[in-house]
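Reviewing the structure listed below.
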Amino acid sequence: MKMNPIYIKNGIKIAILNYVIKDTNPNLPKDAKVNPNWFYLKKVEEDIAKLKNKVNYVIVYPHWGGKMEGAKLPDRELIPIAHKIIDAGADLIIGHHSHTLHPYEIYKGKYIFYSLGNFCFSDIQINGKIIEFDKKRSSQSIIVNIECNSRYLYVYYIIINQKSHYLTIDNHERLLYDDRMRIFIPLLHINTLWFLYLFYEKQLYPIIRYFFSNNRNPFRRLKTLNIISIKKKIKTIIYQ
C-alpha cells in the first residue's frame with residue numbers, strides 16, 4: 001500500500017518522506033503488512049523532484065547511521081549525502097537511529113538533524129541476552145518543533161532528559177551538547193581526525209564503557225573478563 005506523503009493544514013502543504021538505510025538492520029516480522037522504503041540517494045532526489053512544485057516544504061526522515069550507532073558524532077559519509085538531499089530541494093532533514101544525540105548542521109540555511117537521540121527507548125533483550133544502552137550517552141534527546149507559513153519554515157527544539165525511563169523537559173537556558181559539538185562536523189572530512197575518532201569510538205570507548213558505564217564497579221568487571229576474547233580484540237586493533 002502506497003501512502004500519500006503530502007499533509008495539508010491551514011492551506012500549507014508539507015511532503016514528508018521516510019527512508020531506511022540497510023546498515024540499521026531493520027527486522028520486520030514475516031507477516032508484516034508494510035515494507036521498508038529503502039534509502040537510495042537517487043531515489044530520494046527523484047521523489048523530492050516529483051513533489052517539490054506541489055508543496056510548500058519537503059521534510060526527509062532518514063533512518064540511518066548504523067555504522068556509528070551509539071557514537072557521539074555522525075558517520076562522516078552521511079554528511080555529503082545530507083547536503084545532496086538539501087541540494088535536491090529538501091527543506092529539513094530529521095535523522096534518527098543512533099540512540100545518541102548527534103550535532104545538527106545548518107547547510108544553505110536548512111537544518112540537518114543527524115540523530116535526535118534515544119528518547120525513551122529501553123534496553124534490548126535478544127535470545128535471553130540483554131543489550132544495555134549507554135545510560136550517559138542516551139539520556140539526552142531533542143524533540144524538533146516546526147512552525148511555518150507559506151514563505152518561512154521556523155525550526156527549534158525541546159531538550160528531553162531520560163532517567164530510569166522517566167522523561168522530563170529541560171527548561172534551563174544552557175548550551176546543549178549538540179550545539180557545542182557542531183564545530184566538529186566540518187572536521188570529520190579530515191582523514192586523520194576521522195580515523196582517530198573512529199579508533200576511539202570502535203576500539204577504546206567499548207573498553208571504557210565495559211568498565212565504567214551505567215555506574216559499574218570496574219573491579220567487579222575485571223572478574224568477568226575473558227582472556228581469549230581480550231587477545232582477539234588486541235590482535236584486531238594491531239592489524240587494523
Side-chain angles (χ1 to χ4, degrees), residues 1-26 28 34-69 71 73-119 121 141-158 160 178-179 181-182 184-186 188-189:
M1 181 175 66
K2 193 172 182 178
M3 303 293 290
N4 182 4
I6 300 177
Y7 296 83
I8 305 173
K9 187 172 183 179
N10 299 328
I12 305 299
K13 296 180 180 180
I14 299 177
I16 299 180
L17 301 174
N18 298 270
Y19 304 93
V20 180
I21 288 184
K22 292 184 179 181
D23 72 4
T24 60
N25 300 312
L28 288 174
V34 295
N35 294 309
N37 189 23
W38 297 118
F39 183 101
Y40 300 103
L41 180 58
K42 186 177 179 180
K43 181 178 183 294
V44 177
E45 292 171 332
E46 289 174 351
D47 289 345
I48 293 171
K50 291 175 184 176
L51 292 164
K52 188 62 180 174
N53 294 327
K54 298 178 182 179
V55 298
N56 299 95
Y57 303 103
V58 176
I59 301 175
V60 177
Y61 281 82
H63 190 81
W64 61 7
K67 178 180 174 181
M68 298 303 291
E69 183 172 340
L73 293 170
D75 182 356
R76 73 168 181 177
E77 293 177 3
L78 296 182
I79 298 171
I81 292 173
H83 291 180
K84 288 178 181 177
I85 294 173
I86 296 296
D87 291 338
D91 298 287
L92 173 65
I93 298 175
I94 301 178
H96 48 91
H97 172 72
S98 73
H99 299 284
T100 50
L101 181 61
H102 286 174
Y104 67 86
E105 184 182 18
I106 299 176
Y107 172 73
K108 293 186 176 179
K110 309 291 178 64
Y111 279 81
I112 301 170
F113 292 92
Y114 288 98
S115 179
L116 301 186
N118 193 52
F119 197 60
F121 209 94
S141 305
I142 59 175
I143 297 174
V144 175
N145 286 260
I146 302 166
E147 294 179 3
C148 62
N149 54 37
S150 59
R151 295 182 298 174
Y152 187 71
L153 183 75
Y154 176 65
V155 179
Y156 62 99
Y157 56 78
I158 297 172
I160 298 293
D178 176 62
D179 289 311
M181 298 293 282
R182 283 176 61 193
F184 290 102
I185 293 289
L188 295 180
H189 295 292

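Here the structure is a predicted model, which means the values were calculated and not measured. Worth knowing before you read on, the calculation uses all heavy atoms, side chains too, and leaves out hydrogens, waters and symmetry mates.
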Taking all non-hydrogen atoms of both residues into account, name the closest pair between [X] and [Y] and its distance.
{"X": "Glu69", "Y": "Ser98", "result": "CG-O, 3.8 Å"}
{"X": "Gly65", "Y": "Thr24", "result": "N-CG2, 4.3 Å"}
{"X": "Pro74", "Y": "Leu188", "result": "O-CD1, 3.7 Å"}
{"X": "Tyr107", "Y": "Ile112", "result": "CB-CD1, 3.9 Å"}
{"X": "Ala82", "Y": "Ile93", "result": "O-CD1, 3.5 Å"}

Which distance, rounded to the nearest 0.5 Å, do you find between the [atom1] of [X] and the [atom2] of [Y]?
{"X": "Leu73", "Y": "Arg182", "atom1": "CG", "atom2": "CZ", "answer": "13.5 Å"}
{"X": "Ile160", "Y": "Leu116", "atom1": "CD1", "atom2": "CG", "answer": "11.0 Å"}
{"X": "Tyr57", "Y": "Ser150", "atom1": "OH", "atom2": "OG", "answer": "6.5 Å"}
{"X": "Cys148", "Y": "Leu92", "atom1": "SG", "atom2": "CG", "answer": "10.5 Å"}
{"X": "Tyr114", "Y": "Leu101", "atom1": "OH", "atom2": "CG", "answer": "14.0 Å"}
{"X": "Ile48", "Y": "Lys43", "atom1": "CD1", "atom2": "NZ", "answer": "10.5 Å"}

Does the side chain of [Y] come within less than 4.5 Å of [X]'s, by heavy atoms?
{"X": "Ile143", "Y": "Phe119", "result": "yes"}
{"X": "Ile79", "Y": "Pro186", "result": "no"}
{"X": "Ile81", "Y": "Phe39", "result": "yes"}
{"X": "Pro62", "Y": "Val60", "result": "yes"}
{"X": "Lys108", "Y": "Asp87", "result": "yes"}

- Identify, with sequence neighbours excluded, every residue that meets salt bridge (Lys or Arg N to Asp or Glu O under 4.0 Å) alongside Lys52.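 So Lys52 forms a salt bridge (Lys or Arg N to Asp or Glu O under 4.0 Å) with Asp91.
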- Message: Run the side-chain hydrogen bond (donor to acceptor under 3.5 Å, both in side chains) test against His96 and tell me which residues pass, sequence neighbours left out.
- Response: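 Testing His96 for side-chain hydrogen bond (donor to acceptor under 3.5 Å, both in side chains), a comparison that skips the adjacent residues, returns His63.
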- Item | Partners meeting side-chain hydrogen bond (donor to acceptor under 3.5 Å, both in side chains) with Tyr111 (sequence neighbours left out) |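 None.
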Review item, side-chain donor-acceptor pairs of residues 9-23, under 3.5 Å, at least two apart:
from, atom 1, to, atom 2, distance (Å)
Tyr19, OH, Asp47, OD2, 2.7
Asp23, OD1, Gly66, N, 3.1

- Task: Using side chain to side chain contact (heavy atoms under 4.5 Å, CB included) as the criterion, list what pairs up with Glu77, not counting sequence neighbours.
- Result: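 Per chain and number, Glu77 pairs via side chain to side chain contact (heavy atoms under 4.5 Å, CB included) with Lys67, Asp75.
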- Query: Any chance CG of Asn53 has more than 12 other-residue heavy atoms, nucleotides or ligands included, within less than 6.0 Å?
  - Reply: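 Count not over threshold, so no.
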- Who pairs with Tyr152 by ring-ring contact (aromatic ring centres under 6.0 Å, His included), at least two apart in sequence or on another chain?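 Here no residue qualifies.
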- Item | Polar side-chain atom of Thr100 near backbone of Ala71 as donor-acceptor pair, under 3.5 Å |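 Yes, the answer is positive, given that a donor and an acceptor are paired below the 3.5 Å cut-off.
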